[in-house]
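Predicted, not measured: the structure shown is a model, and the values here were computed from it.
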Amino acid sequence: MEEGRRLQRISRTAKDPVRLRRAIVVMMSAQGQSVPDITSLMQVSADYVRDVIHAFNEQGFNALDPKWSGGRPRTIGSQVREHICLIARTSPADWRITAFSTWSLTKLAEHLVKQQVVSAIDRVPTCSAGLPSSPLPR
């Protein structure tokens, strides 16, 4: 009985959509809904429903919380990142490049590889001030 009230409270107040969806799946299962009914109402797979129910049975309410991992480790260190941002805030003319007046991400990435700031780059890091839309005044 207490479990049901707690699931209802979570389903009303959860701000995290993953926690909310998992709570609703468990609550529907506790109310006797079949897995196919839950999948059609919640638009999730049967495997997802079974995984959530099994995890809840084993771990209790901790199973409702998403387990976010840290993601991919950084490949560019903070010093190199600062160097990239410094270059991005300058005008291409400062590097004796006259073909264009502002950096595009593609041109900046090519320049960074050519200057051996990085060996290869697939994504230019976000600088706190961002890239200027026009060259910075001197």
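Considering every non-hydrogen atom in both V117 and V80, the closest pair reads O-CG1, 4.0 Å. Across all non-hydrogen atoms, the minimal contact from S11 to I24 is CB-CG1, 4.1 Å. Heavy-atom minimum distance, S119 versus V113: O-CG1, 3.8 Å. Closest approach of A88 and L108 over heavy atoms only: CB-CD2, 3.7 Å. Listed here is the closest heavy atom pair of P92 and S101: CD-O, 3.3 Å. Between P66 and D16, the closest heavy-atom pair is CG-OD2, 2.9 Å.
For the atom pair NZ of K107 and OG1 of T102, the computed distance is 11.5 Å after rounding to the nearest 0.5 Å. Atom OH of Y48 is separated from atom CD1 of I53 by 10.5 Å, given to the nearest 0.5 angstrom. Here S45 contributes atom OG and I38 contributes atom CD1; the two are 12.0 Å apart, rounded to the nearest 0.5 Å. R89 CZ to C85 SG: the interatomic distance, rounded to the nearest 0.5 Å, is 5.0 Å. Atoms CD and CD1, on E82 and I87 in that order, are 11.5 Å from each other to the nearest 0.5 Å. In this structure, CE on M28 lies 9.0 Å from OG1 on T39, to the nearest 0.5 angstrom.
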Quiz item: Given F61 and V26, is the side-chain contact (heavy atoms from CB on, under 4.5 Å) satisfied, shown in steps?
Solution: CA-CA 10 Å; F61 285 93; V26 171; over 6 Å; no
Quiz item: Would I84 and V118 count as a side-chain contact (heavy atoms from CB on, under 4.5 Å) if you check the C-alpha gap in whole Å, the side-chain angles of each, and the deciding distance to 0.1 Å?
Solution: CA-CA 9 Å; I84 292 170; V118 293; 4.2 Å; yes
Quiz prompt | Check against side-chain contact (heavy atoms from CB on, under 4.5 Å), V44 and R21 | solution = CA-CA 10 Å; V44 294; R21 184 173 51 242; 3.8 Å; yes
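Side chain of Q43 to backbone of S40: a donor-acceptor contact under 3.5 angstrom is found. A donor-acceptor pair is defined here as one N or O able to donate and one able to accept, closer than 3.5 Å; such a pair exists between the side chain of T13 and the backbone of R9.
Between W95 and H111, the ring planes are perpendicular. Angles over 60° get that label, and only those under 30° would be called parallel.
Around NZ of K67, the count of heavy atoms belonging to other residues, nucleotides or ligands within 6.0 Å exceeds 12.
In this structure, R22 fails the cation-pi test against F56, since its NZ or CZ atom is not both closer than 6.0 Å to the six-membered ring centre and inside 45 degrees of the ring normal.
Hydrophobic clustering of Ile, Leu, Val, Met, Phe, Trp and Tyr side chains at less than 4.5 Å, counting indirect connections, keeps I10 apart from V18.
In the model, S34 has a side-chain atom that pairs as donor or acceptor with a side-chain atom of D37 under 3.5 Å.
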